[in-house]
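Throughout, numbering of the chain's residues begins at 1 and tracks the sequence. Whatever order the structure lists them in is the order used to number ligands and atoms, beginning at 1.
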Amino acid sequence: MRTFTKHRRLIAAAASLALLATACGDDGGDDGAEDGGDAEATAEEGEFEEGSTMAAIQEADVLRVGVKYDQPLFGVQTPGGVEGFDAEIARLIAEGIWGEGGADNVEFQEAVSANREPFLQQDTVDIVVATYTINDERKELVGFAGPYYEAGQDIMVAKGNPEGIGGVEDLTGKTICSVEGSTSLDNINEMVEDPEEVIALDTYSACAEELAQGRVQAVSTDNVILIGLIDERPDDFELVDNPFTEEPYGIGVQLEAEDFRDWINDRLEQLYESGEWEAAWDATAGVVVPAPEPPAVDRY
Ligand code: GLU
């Protein structure tokens with residue numbers, strides 16, 4: 001697996017190319033890079049209104065981030081740091097707060113699906129970037145910026161698909177593993193008629209182990225999470241590849257931090273525009289899944 005440092009370098013290189021292209025394409029004559037400067041200065045240099053959530057975080061010199069530690073492509077703890085698209089999104093948000101080098105102020109904490117809302121509600125973290133689907137039920141408890149990616153729920157089976165599972169309708173009578181506190185588990189409970197058993201564990205990597213041991217016949221969650229797990233064990237698992245839900249990934253913030261939610265949405269749009277979002281994708285999940293178009297942010 002590539003190292004964290006190499007990822008950062010790749011992202012930085014791709015992003016500067018994208019910025020260069022933007023600057024060169026600027027309207028004729030005057031200096032495009034300098035020109036855009038004023039509009040971007042506030043967001044890039046991070047001058048925030050006193051009393052705002054962003055000013056408080058900047059002052060504290062740390063952005064506390066809940067991220068998965070066991071999900072290939074999105075959040076994986078390695079000796080060199082946390083790797084993956086979610087981790088990169090968090091670093092890019094930090095660079096918007098402190099400018100270049102701001103990524104060093106990110107402090108990651110391991111989030112599992114079930115502790116994402118409590119992490120925000122109890123002020124354990126400032127943001128959660130953890131394959132976190134935006135939905136109305138969760139919006140009662142936390143705020144969401146984004147979406148910054150759109151996944152769909154799918155099914156992972158043993159290599160060769162011995163049970164011939166072609167979609168969610170084939171899960172009747174089967175033993176299925178998913179994760180506590182996830183939309184994936186809720187959807188399985190709602191959509192699968194008469195399963196043999198639905199097992200709820202803490203993490204998808206634990207479900208993958210159950211599948212590898214033959215103790216369950218299917219694991220169900222977002223396609224990109226499953227693709228990451230399959231990428232690590234291509235001889236053991238395969239994807240059914242018949243998604244049956246829409247899972248827009250949001251950046252969770254504390255419910256009252258509406259200013260931060262707005263600012264992160266602005267920052268995301270900036271990252272779409274500059275090419276940094278795509279560069280982050282290419283250096284992480286992009287090794288397996290080609291970069292999609294970035295989704296429009298939803299300022300609900
Ligand atoms: N995106 C879904 C969710 O937020 C499933 C993935 C996960 O549990 O992290 O619940």
Side-chain angles (χ1 to χ4, degrees), residues 65-77 82-90 108-121 125 127-156 168 171 176-192 198-211 216 218-232 237 239-240 242-253 255 281 284-285 289 292 295 298 300:
V65 180
V67 71
K68 298 283 182 88
Y69 275 10
D70 69 324
Q71 273 179 209
L73 311 182
F74 280 80
V76 189
Q77 194 188 29
V82 185
E83 289 184 357
F85 187 58
D86 281 342
E88 286 312 318
I89 290 290
F108 287 114
Q109 304 196 39
E110 182 178 13
V112 294
S113 298
N115 68 15
R116 291 173 294 190
E117 288 89 43
F119 261 23
L120 290 165
Q121 289 175 302
V125 297
I127 58 173
V128 167
V129 197
T131 60
Y132 198 9
T133 295
I134 304 171
N135 66 26
D136 289 343
E137 215 175 297
R138 289 174 176 167
K139 276 187 200 164
E140 301 281 318
L141 307 172
V142 302
F144 285 104
Y148 62 96
Y149 181 70
E150 269 163 1
Q153 186 166 344
D154 213 316
I155 300 161
M156 178 170 85
V168 66
L171 293 178
I176 308 146
C177 189
S178 197
V179 162
E180 204 72 67
S182 69
T183 54
S184 314
L185 181 65
D186 293 346
N187 292 331
I188 289 296
N189 284 331
E190 269 162 40
M191 296 172 78
V192 180
V198 178
I199 296 174
L201 300 181
D202 282 344
T203 63
Y204 299 106
S205 52
C207 277
E209 205 41 50
E210 292 299 293
L211 183 63
V216 300
V219 174
S220 186
T221 186
D222 302 338
N223 44 8
V224 278
I225 296 176
L226 299 174
I227 289 169
L229 293 165
I230 294 164
D231 185 49
E232 296 216 314
F237 306 135
L239 187 72
V240 166
N242 187 1
F244 52 92
T245 68
E246 285 174 8
E247 307 292 329
Y249 286 178
I251 293 152
V253 299
L255 190 59
W281 180 271
T284 55
V289 184
D298 174 15
Y300 63 88

Out of all atoms in ligand 1, which are within 4.0 Å of some heavy atom of [X]? Include the element for each.
{"X": "Ala130", "result": "9 (O)"}
{"X": "Thr221", "result": "5 (C), 6 (C)"}
{"X": "Thr131", "result": "1 (N), 2 (C), 3 (C), 4 (O), 6 (C), 7 (C), 9 (O)"}
{"X": "Ser182", "result": "8 (O), 10 (O)"}
{"X": "Ser113", "result": "7 (C), 8 (O), 9 (O)"}
{"X": "Ser184", "result": "5 (C)"}

_Contact between Ile199 and Val216 at the side-chain level, heavy atoms closer than 4.5 Å - yes or no?_
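Sidechains of Val216 and Ile199: in contact.
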
*In Å and rounded to the nearest 0.5 Å, what is the CD1 to OG1 distance from Ile225 to Thr131?*
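With rounding to 0.5 Å, CD1 (Ile225) is 4.0 Å from OG1 (Thr131).
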
*asked:* As an exercise, state the distance from CG of Asp222 to CD of Gln153, rounded to the nearest 0.5 Å.
replied: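 Separation between the atoms: 6.5 Å.
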
*Go through the side-chain N and O atoms of Glu83 and Thr284 and say whether any donor and acceptor fall under 3.5 Å apart.*
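The answer is no; no qualifying pair exists.
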
*Answer yes if the side chains of Ser184 and Thr221 hold a donor-acceptor pair under 3.5 Å, and no otherwise.*
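A donor-acceptor contact under 3.5 Å links the two side chains.
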
*asked:* If we only consider heavy atoms of Val179, is any one of them less than 4.0 Å away from an atom in ligand 1?
replied: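 No.
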
*If you measure from each heavy atom of Arg116 to ligand 1, is any distance below 4.0 Å?*
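Heavy atoms of Arg116 do come under 4.0 Å of ligand 1.
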
*Could you tell me how the ring of Trp281 sits relative to the ring of Phe85: parallel (under 30°), tilted (30 to 60°) or perpendicular (over 60°)?*
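Geometry flag for Phe85 against Trp281: perpendicular rings.
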
Among [options], which one puts a heavy atom closest to [atom]?
{"atom": "atom 2 (C) of ligand 1", "options": "Thr183, Ile225, Val224", "answer": "Thr183"}
{"atom": "atom 7 (C) of ligand 1", "options": "Tyr249, Tyr204, Tyr132", "answer": "Tyr204"}
{"atom": "atom 4 (O) of ligand 1", "options": "Gln71, Arg138, Lys68", "answer": "Arg138"}

*Tyr204 side chain to Val219 main-chain N or O, any donor-acceptor pair under 3.5 Å?*
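No, Tyr204 side chain to Val219 backbone: no donor-acceptor pair under 3.5 Å.
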
_Side-chain (Asp154) to main-chain (Asn242) donor-acceptor, under 3.5 angstrom_ =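 Between the backbone of Asn242 and the side chain of Asp154 there is a qualifying donor-acceptor contact (under 3.5 Å).
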
